[in-house]
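The structure appears below as structure tokens.
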Amino acid sequence: NQGRYKEAEELLKEALDIRIKALGRDNPEVTTTMWVLAIVYIYMGRRAEAITLLKEALEIFQKKSKESPVYDNYVKQIKELIDKIDREID
């Protein structure tokens with residue numbers, strides 16, 4: 001239902017803004033909201049916007065993985081999802 005996705009998008013964008021203001025853009029907690037918003041974009045057929053968000057989340061995790069290997073799995077998962085979306089677009 002596109003109406004529900006639009007509603008979810010609006011709420012997630014608001015949540016993302018709040019998290020960024022409270023935690024800072026490079027905080028891994030922010031990426032959770034980016035990830036969920038990207039999934040909503042995928043369901044809405046807005047794959048380019050999803051990839052943009054996922055690449056931003058990937059960049060945050062890549063920076064953090066230099067500090068701790070705990071983030072390596074997130075880097076791997078996001079790269080796989082971006083690759084999958086790219087294949088679907090082509």
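Please read all numbers here as calculations on a predicted model, not as lab measurements.
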Requested in this report: Inspect the contact between Lys63 and Glu59 and indicate whether a charged nitrogen and a carboxylate oxygen are less than 4.0 angstrom apart.
Outcome: yes
Query raised in the report: Just wondering, more than 12 heavy atoms not from Gln77 lying within 6.0 Å of its CD?
Result: yes
Query raised in the report: Under a 4.5 Å cut-off applied to non-hydrogen side-chain atoms, are Arg19 and Thr32 in contact?
Result: yes
Requested in this report: List the steps and the verdict of side-chain contact (heavy atoms from CB on, under 4.5 Å) for Ile78 and Trp35.
Outcome: CA-CA 9 Å; Ile78 293 173; Trp35 180 278; 3.1 Å; yes
Query - Heavy-atom check, side chain of Arg25 versus side chain of Glu56, under 4.5 Å - result: yes
Query raised in the report: Leu53 versus Val36: any side-chain heavy-atom pair under 4.5 Å?
Result: no
Query raised in the report: Taking all non-hydrogen atoms of both residues, which atom of Val75 and which atom of Gln62 are closest, and how far apart?
Result: CG2-N, 3.8 Å
Requested in this report: Drop me the distance from Asp26's CG to Ile20's CD1, to the nearest 0.5 angstrom.
Outcome: 10.0 Å
Query raised in the report: Taking side chain as C-beta onward, heavy atoms only, is Lys79 less than 4.5 Å from Leu54?
Result: no
Query raised in the report: Looking only at heavy atoms, what is the nearest atom pair of Ala50 and Ala38, with distance?
Result: CB-O, 3.4 Å
Query raised in the report: Side-chain heavy atoms under 4.5 angstrom apart, residues restricted to Ile, Leu, Val, Met, Phe, Trp, Tyr: same cluster for Leu37 and Ile18?
Result: no
Requested in this report: Give a yes or no answer on whether the side chain of Thr31 reaches the backbone of Pro28 with a donor-acceptor pair at less than 3.5 Å.
Outcome: yes
Requested in this report: Might you confirm whether atom OH of Tyr74 has over 12 heavy atoms from other residues, nucleotides or ligands at distances under 6.0 Å?
Outcome: no
Query raised in the report: Are Glu10 and Lys13 ion-paired here, with the side-chain N under 4.0 Å from a carboxylate O?
Result: no
Query - Ile42 CD1 to Ile85 CD1 distance, which is reported to the nearest 0.5 Å - result: 3.5 Å
Query raised in the report: From Tyr43 OH over to Arg4 CZ, what is the distance, rounded to the nearest 0.5 angstrom?
Result: 15.5 Å
**Report entry** Shared hydrophobic cluster, Phe61 / Val70 (ILVMFWY, side-chain heavy atoms < 4.5 Å)
**Finding:** yes
Query raised in the report: Under the 3.5 angstrom rule, does the side chain of Arg47 hit a backbone N or O of Asp86 as a donor-acceptor pair?
Result: no
**Report entry** Beyond-backbone contact of Glu80 with Lys76, side-chain heavy atoms, under 4.5 angstrom
**Finding:** yes
**Report entry** Residues Glu49, Met44; criterion side-chain contact (heavy atoms from CB on, under 4.5 Å); working and verdict
**Finding:** CA-CA 10 Å; Glu49 290 169 273; Met44 294 174 80; over 6 Å; no
